**Q** 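What follows is a single structure, and I will ask about it in a moment.
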Amino acid sequence: MKLSTKMVTLAVTAFAVTACGGGGGGSGSAPMPQNVAPTVSAFASQNLDQDTLASAAFTVSDDGGADALTLSVSSSDTSIVSVDGITLTGSGANRTVSVLPAEDATGRVNIRINAKDAQGNVGSSILPLTVNAVTQSIASYTSATFVKDESDTPAQVSGFTFVQDADDDNTFASLVQ
Amino acid sequence: MATTLKRAVGLTIAAALIPLAGQASSHREAPNITRLPAVDSTDFYIFNSYEPGRAGYVTLLADYLPLQDAYGGPNYFALDSTALYEIHLDSDGDAQEDLTFQFRFTNKLANNNNGIKLGIGSSQVAVPLKNVGPISANDSSLLNFNESYTLTLVRGDRRKGQAAPVTKASDGGTMFGKPFDFVGTKTFASVQGYADYAKKFVYDVNVPGCDKPGRVFVGQRREPFAVNLGKVFDLVNLVPVDGASFPGGIMQDPKNNQIANKNITTLALELPASCLKGSGNGVIGGWTSASLRQARILNPKPTFSKPEVSGGPWTQVSRLATPLVNEVVIGLPDKDRFNASQPKDDAQFATYVTNPTLPALLDVLFRGAVNQTLGTNFTTIAPTNIPRNDLVTAFLTGFAGVNQQSKVTPSEMMRLNTGIAPTAAAQQSTFGVAGGDLAGFPNGRRPGDDVTDIALRVVMGRLCHPIPVNGTPTDLGLCKPADAVVGTAPFTDGAPVSAQDFDAEFPYLRTPVPGATM
């Protein structure tokens with residue numbers, strides 16, 4: 001598994017919570033509140049076409065406040081989605097993750113969102129993505145391109161996995177002669 | 001700072017990782033275009049004509065097909081007959097073309113496209129050469145290969161606008177000839193013989209909508225750009241500060257111009273300024289581009305006239321206005337995309353200008369050596385005014401009062417103020433505006449402007465220091481001297497260029513280097 005992380009600092013001020021260990025304290029003293037790890041809401045699996053952008057809204061929470069959390073991301077397969085292709089936006093409890101797969105990449109990948117509080121407690125959630133190939137016949141694509149007018153907007157090439165129709169010199173013979 | 005720099009140049013540049021801004025202006029500057037040399041734009045010039053008697057005209061030069069070795073026979077350097085070569089002008093400042101001049105070429109063999117044949121035995125056999133005897137201004141009958149072209153003016157959108165042919169003033173014809181390349185002095189008798197021959201291909205033209213004729217020429221010329229190409233790419237194998245001012249720096253020497261004996265092919269236009277100014281303030285933005293049809297199929301049984309078939313929409317593969325932008329500003333992953341883009345969409349590249357990498361790389365290369373030699377403790381020699389508004393002004397908006405259009409759309413165009421009178425060749429400053437010559441770069445660009453040195457100095461923060469404007473040191477207010485600790489250093493690649501290296505008449509670029517001499 002290839003794994004890399006990108007720290008995304010979303011809080012300007014660290015919020016410190018002092019926790020008392022030991023689970024309750026001695027007689028005569030009130031129990032100190034237990035620090036709880038942040039939470040990141042669950043994601044549903046997503047399917048997307050190659051070379052397209054996926055985005056998903058999620059929420060974060062923590063007893064120290066959502067604004068104090070530091071979020072980071074990682075990818076289970078950076079050949080499909082690099083950490084540079086993952087963008088976090090939003091603030092407070094409401095956040096959005098946007099994912100742009102690597103050019104021409106297809107396959108399954110898990111995007112992990114981590115939320116870390118000032119005490120170092122970490123909560124996380126995984127966004128499962130399946131990037132699907134969009135196959136395109138070279139012959140039909142080329143034929144369609146040829147009949148376009150020279151003043152038309154050029155056809156897009158990105159976003160397709162081109163399929164070789166036939167591996168011989170005669171494929172386009174009728175167009176040449 | 002002058003003292004500081006004077007001491008600095010004596011240092012040994014121990015390590016260098018990247019080229020300075022001195023590589024050829026736009027010669028093979030992006031990965032994809034290296035595969036398509038015939039549509040590779042190399043330099044673009046736009047200036048108020050300084051040929052005597054041509055006041056009120058603007059000259060446009062778009063050079064293509066880089067690094068031609070003159071001896072490159074037997075086929076030499078034809079342009080691409082499947083391509084569309086264009087020069088675009090924006091007169092109102094919206095970064096979209098208002099006028100586009102389109103060149104399309106046709107290549108034909110002699111003898112009705114069958115080629116010149118010789119009787120060998122009982123057979124007539126086609127010859128393998130593009131010429132089979134001398135060629136002169138008055139006799140091209142032994143030329144076996146002819147290039148011609150049409151010129152079309154499109155008003156409005158380059159693909160959807162109103163198109164009309166530019167015609168010969170002499171007879172209204174729409175086909176223009178292109179001279180054969182300078183294969184050598186035996187074919188053309190002499191250098192002067194070629195000059196006389198090529199001059200026949202300068203046409204007076206009627207431009208639709210213009211009340212005065214213009215001129216056009218397309219043909220091979222001597223490479224106008226000057227650059228210390230090899231050393232620059234050899235990990236900056238020189239001390240890039242002017243040795244005349246600072247011992248140890250590189251001396252200005254024409255021998256440092258390693259492409260001096262190369263040729264290029266230029267598309268040259270001279271047009272009345274009154275036809276180009278449109279509704280703006282008289283500042284026009286210009287750039288050149290080349291496009292190919294999107295679909296192409298190679299012919300497995302190629303013939304001279306049909307080595308392939310191509311069709312579909314024009315797809316831009318080359319773009320050029322200001323020199324060096326796609327070389328040292330745009331990042332490698334985006335160079336091909338830049339070549340395919342248009343100025344109106346340049347916001348996508350803005351970070352490369354506001355947060356340039358070149359000064360940071362130069363800092364990596366030179367800061368340690370500078371500090372060691374000078375006893376200074378510069379934390380960086382790269383300009384610190386991020387975002388670099390000085391570069392935005394230089395590359396994307398133009399300078400107010402000089403070459404800024406009334407509507408300012410940040411975009412990469414070469415901007416020319418048609419209202420600033422040209423400077424005669426003998427009086428031109430090779431440093432253009434920075435040299436007190438408002439008729440020069442970056443107010444347009446003339447062949448004699450040393451854009452390599454200018455661009456390098458600007459990138460390293462020259463505009464953060466006062467520059468002479470009409471002889472008076474002037475703070476442009478774009479950044480502060482403290483932002484650029486080496487901003488006044490006379491950076492150079494040591495390859496000089498000046499107006500004296502060119503003709504003082506259209507098309508200004510000189511007769512090409514011959515492929516052979518007697």
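Model, not experiment: these values are computed from the prediction. In what follows, chains carry the letters A, B, and so on, assigned in the order in which the sequence lines appear, proteins first and then strands, with residues in each chain numbered from 1.
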**Q** Pick one of side chain, backbone, both or neither for B/Arg158, based on which atoms fall under 4.5 Å of a heavy atom in chain A.
**A**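 Neither the backbone nor the side chain of B/Arg158 comes within 4.5 Å of chain A.
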**Q** When the aromatic ring centroids of B/Tyr85 and B/Phe101 are compared, is their separation below 6.0 Å?
**A** no
**Q** Taking atom types as modelled and ignoring hydrogens, do the side chains of B/Asn339 and B/Glu29 form a donor-acceptor contact shorter than 3.5 angstrom?
**A**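 Looking only at side-chain atoms, B/Glu29 and B/Asn339 do form a donor-acceptor pair, the distance falling under 3.5 Å.
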**Q** Below 4.5 Å from any heavy atom of chain A, which atoms of B/Ser310 appear? Answer side chain, backbone, both or neither.
**A**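 Only the backbone of B/Ser310 comes within 4.5 Å of chain A.
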**Q** Need one label for A/Ala155: side chain, backbone, both or neither, based on atoms under 4.5 Å from any heavy atom in chain B.
**A**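 Both backbone and side chain of A/Ala155 come within 4.5 Å of chain B.
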**Q** Can you check whether B/Arg293's main-chain N or O pairs, donor with acceptor, with B/Arg296's side chain at less than 3.5 Å?
**A**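 Judged by distance alone, no pair lies under 3.5 Å.
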**Q** Out of A/Asp152, A/Thr153, A/Val147, A/Val157, which one racks up the most heavy-atom pairs below 4.5 Å with chain B?
**A**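 Of the options given, most contacts go to A/Asp152.
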**Q** Going by salt bridge (charged side-chain N to carboxylate O under 4.0 Å, His left out), name the residues that satisfy it together with B/Arg337, two or more places apart in sequence or in a different chain.
**A** B/Asp334
